[in-house]
Number of protein chains: 2
Amino acid sequence: MLVHNNTIPQTTHRVIVMTDVHGRQGPETRTRILDAAEALFAENGLDATSMRMITGRAGVNLAAVNYHFGGKDGLIQEVFRRRLTELNRRRLVALEALQRAADGAPLRPSSIVKAFFGTALEMAADMDGGGARFLQLMGRTYTGPNEFVRNFLAEEYAECVDRFLTELYRALPDVPREEILWRFHFMMGATSYAIGGADALQLFTGEFDDRDPARLEPRLMSFLLGGLRGALPDGGGQATQARRSAA
Amino acid sequence: MLVHNNTIPQTTHRVIVMTDVHGRQGPETRTRILDAAEALFAENGLDATSMRMITGRAGVNLAAVNYHFGGKDGLIQEVFRRRLTELNRRRLVALEALQRAADGAPLRPSSIVKAFFGTALEMAADMDGGGARFLQLMGRTYTGPNEFVRNFLAEEYAECVDRFLTELYRALPDVPREEILWRFHFMMGATSYAIGGADALQLFTGEFDDRDPARLEPRLMSFLLGGLRGALPDGGGQATQARRSAA
DNA sequence: GCTCAAATCAAACGATCGTTTGAATCATAC
DNA sequence: GTATGATTCAAACGATCGTTTGATTTGAGC
């Protein structure tokens, strides 16, 4: 029997736990497809990656994708959901740890930025290279043309971003919220390029090769914090720094 | 006779000036194709845009693309080359104006940043909306998976970026060049999101709508300059600001 | 008016795309 | 062992892709 009915396409599938029911290599199939798809999507893009490339690398039958995910779109959604849920979970864990330590007081902007963007860099270093691949893919897709995936990503992001923005508003009460929102957006762009664009960077300078992930984190953080606390455009005079009120 | 020989695929085509030779609507065809392709590429991405969509919108025959550009790849190259050459030309004009005014002295970092990234924002506002479309497309493609186009973009960018980096090195002699290089990369990411990701931003906040291009420029510049002059990671202590030596 | 090369056109090419089908295989429950 | 439902499989589906072909139209040069 098919897992998916074509009348109600949904994200969550009826088949959740397969190891408990049918042993053998049933559970591997889904994971193998997801891993292969993630790597190929990051390598070639969503459109340029065919089902046959995915099933070929995964070593499964072509029809397996439609059986397990209902189609290519379903597979794409699941590839993103799998990692993004975990990433945002870690982010919120880090944020809540900060909130507990602060005991009601506004958080330091640097701590908030580190909890959000630093966690992404951690994930990029984790997962034996798979994390960097995925985050590179996500950075591309977020501003990409595929409206279907973009809306899905925004939906998955919404709650987590909202929580962090709320804390940033509290941490920088003197900075207009619109300004903070924009700068958060700029920080996402810088981070996206930091994770995914090391290849692009080296194109400018032939002999450049310092892509140590351990050194990337402080580099990006310095830039992000400098940008976040940069002089406000004109609302408070050109020399006004965007500083939080509480120490 | 065909314009392109399949033995030597080249960027520059034999047909350069068509208005002078054949009047009617010969010259329009190339431009109409480029305009339609640019809009559709930005809308759907390179892969998801078919030749039939392009020729359909342009109102020309399907084979016209292969005739004038030698194929889809040739068309893509020309779409980027047309605008990118003009953008980098304006950037270098702005830089040379600064150099003349400085009379040998190091330039102000803010001036350099403005000449490079501000010119992009100007172009995004120009060209009756076409500029924003193109720059959005370019921001996506630069970190995109298509290696063919990425290499081409890097090649077109190389000289201009090199000139600006040289000036930045002079303006910030106390900052390690690697650091400046990375921050330049981060600035490109922030700018890319600033230009192309306004839609993505509003997904976070339903009622957000302040996308006035005139207000975007000072916003982005404040962020970029703050990031560029942010505290150095650790080479000079955490409190060390990355300031230029000459006033 | 005739020539000829540039340009446009309708039509078709082979390849590959995502998806569907129906039978075969597997592991479990009775 | 047999029935049952989940999973895998080979094969084919129609659609669309980028490209090519060969004839036709166009307009300047003589």
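The terminal axes of the helix from C:dG1-D:dC30 to C:dC30-D:dG1, fitted over 5 pairs per end, subtend an angle of 10° to the nearest 10°.
For the contact set between residues 52-62 of chain B and DNA chain D, defined by any heavy atom under 4.0 Å, the members are B:Arg52, B:Leu62.
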Original post:
Should A:Ile33 and A:Thr55 be marked as a side chain to side chain contact (heavy atoms under 4.5 Å, CB included) after you check the CA-CA gap, both sets of side-chain angles, and the distance that decides it?
Top reply: CA-CA 7 Å; A:Ile33 292 176; A:Thr55 54; 5.5 Å; no
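A distance-only check finds no donor-acceptor pair linking the side chain of A:Arg150 to the backbone of A:Tyr142 [under 3.5 Å].
Look at CE on B:Met51: it is 15 Å from C1' on C:dT8, rounded to the nearest Å. For the pair A:Tyr67 OH and C:dT21 P, the computed distance is 15 Å after rounding to whole Å. To the nearest angstrom, P of C:dC17 lies 11 Å from CG of A:Asn44. One can place CZ of A:Phe69 at 13 Å from P of C:dT19, the figure rounded to the nearest angstrom. Counting to the nearest Å, the C1' atom of D:dC17 and the CD1 atom of B:Ile76 are 13 Å from each other. Nucleotide D:dT8 holds its P atom 11 Å from the CZ atom of A:Arg30, rounded to whole Å. When rounded to the nearest whole Å, the span between NZ of A:Lys72 and P of C:dT19 equals 8 Å. With rounding to whole Å, B:Glu28 atom CD is found 10 Å from C:dT8 atom P.
Listed by chain and residue number, nothing satisfies the salt bridge (charged side-chain N to carboxylate O under 4.0 Å, His left out) test with B:Asp47 (two or more places apart in sequence, or in another chain). Taking the salt bridge (charged side-chain N to carboxylate O under 4.0 Å, His left out) definition, one finds that A:Arg82 meets it with A:Asp35, A:Glu38, sequence neighbours left out. Under the salt bridge (charged side-chain N to carboxylate O under 4.0 Å, His left out) criterion, B:Glu86 pairs with B:Arg89, B:Arg90, sequence neighbours left out. Partners of B:Phe117 according to the ring pair (Phe, Tyr, Trp, His ring centres under 6.0 Å) rule, which considers only residues two or more places apart in sequence or in another chain, are B:Phe184.
In this model, the phosphate group of D:dT8 is approached by a side-chain N or O of A:His68 to a distance below 4.0 Å at OP1 or OP2. Residue A:Thr29 places at least one side-chain N or O under 4.0 Å from the OP1 or OP2 atom of D:dT8. A sub-4.0 Å separation between OP1 or OP2 of C:dC17 and a side-chain N or O of A:Ser50 is present.
With values rounded to the nearest 0.5 angstrom, A:Met51 atom CE is found 4.0 Å from A:Asn66 atom CG.
Figure legend: A:Arg91 and A:Phe116 shown as a cation-pi pair, the cationic atom lying under 6.0 angstrom from the six-membered ring centre and within 45 degrees of its axis.
Of the candidate nucleotides D:dT20, D:dT19, D:dA10, D:dT20 has the atom nearest to the side chain of B:Ala63.
Using cut-offs of 30° and 60° on the angle between ring planes, the pair B:Phe223 and A:Phe223 is perpendicular.
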